[in-house]
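Below is one structure, written out as structure tokens; the observations come after it.
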Amino acid sequence: VQLQASGGGLVRAGGSLRLSCAASGLTFSTYVMGWFRQTPGKEREFAAVIGYIGVTTYYADSVKGRFTISRDNAKNTVYLQMNSLNTEDTAVYYCAAASSSRQLRSGVGTYWGQGTLVTVSS
């Protein structure tokens, strides 16, 4: 299984970025997909998760109302649209795949991408 994240970069506070994660080596539509983020010295933090067909989503309180997760099962890709970014959103963002939301949130039996760096300047 490979998860290739892209779309990170440097953005000013208040700006937007769209992350993408292309998956291969798995039957994409049978996996719950999610995004996590991590800053130096801190544990990896859950950000968002989306169900198998994209109907069900759930967000961490820290990103709710600003971030939107979506998926395109025809393209084996999951996205994270990030709006109203602030400096606290600066982190390496990882996409993840798991058989269920519980597995994804626990990290057990979860596949991880390599991460993409998002830096928000003030």
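If you're wondering where the values come from, they're calculated on a predicted model, not measured in any experiment.
Residues Ala91 and Leu117 approach most closely at O-CD1, 3.6 Å, considering heavy atoms. Taking all atoms of both residues into account, the shortest heavy-atom contact from Ala47 to Val63 is O-CG2, 3.4 Å.
No donor-acceptor pair under 3.5 Å is formed between the side chain of Thr27 and the backbone N or O of Ser29. Between the side chain of Asn73 and the backbone N or O of Tyr52 there is at least one donor-acceptor pair closer than 3.5 Å. Formation of a donor-acceptor pair under 3.5 Å by the Ser100 side chain with backbone atoms of Gln103 is found in this model. A donor-acceptor distance shorter than 3.5 angstrom exists from the side chain of Thr90 to the backbone of Val120, with no hydrogens or angles considered. Counting only distance, with no hydrogens or angles, the side chain of Arg18 and the backbone of Gln81 share no donor-acceptor pair below 3.5 Å. Between the side chain of Arg71 and the main chain of Phe28, a donor-acceptor pair closer than 3.5 Å is present.
No side-chain N or O of Thr77 forms a donor-acceptor pair with one of Asp72 less than 3.5 Å apart.
For CD of Gln2, the number of neighbouring non-hydrogen atoms (other residues, nucleotides, ligands) closer than 6.0 Å is 12 at most.
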**Request:** Test Arg12 against Leu85 for side chain to side chain contact (heavy atoms under 4.5 Å, CB included), laying out the working first.
**Result:** CA-CA 8 Å; Arg12 297 284 296 268; Leu85 286 161; over 6 Å; no
**Prompt:** Run the side chain to side chain contact (heavy atoms under 4.5 Å, CB included) check on Val49 and Val32 step by step: do they pass?
**Reply:** CA-CA 7 Å; Val49 61; Val32 169; 3.1 Å; yes
**Item:** side chain to side chain contact (heavy atoms under 4.5 Å, CB included) evaluation trace for Tyr31 with Ser99
**Value:** CA-CA 5 Å; Tyr31 281 82; Ser99 298; 4.2 Å; yes
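Note on Leu19: it clusters hydrophobically with Ile69, by side-chain heavy-atom contacts below 4.5 Å among ILVMFWY residues. A continuous path of hydrophobic side-chain contacts links Val11 to Phe67 [ILVMFWY only; heavy atoms under 4.5 Å].
To the nearest 0.5 angstrom, Glu45 atom CD is 4.5 Å from Ser62 atom OG. Note that the CG atom of Leu80 and the CG atom of Leu17 stand 9.5 Å from one another [nearest 0.5 Å]. How far CG of Leu3 is from OG of Ser24: 7.5 Å, rounded to the nearest 0.5 Å. Note: Leu104 CG to Thr110 OG1 = 5.0 Å, rounded to the nearest 0.5 Å. Atoms CE and CZ, on Met82 and Arg66 in that order, are 9.5 Å from each other to the nearest 0.5 Å. Put simply, CD1 on Ile50 and OG on Ser70 are 6.0 Å apart, with the number rounded to the nearest 0.5 Å.
Annotation: salt bridge (Lys or Arg N to Asp or Glu O under 4.0 Å) contacts of Lys64 (sequence neighbours excluded): Asp61.
Within the structure, every pair that satisfies the ring pair (Phe, Tyr, Trp, His ring centres under 6.0 Å) test and touches residues 92-122, not counting sequence neighbours, is listed here: Phe36-Trp112.
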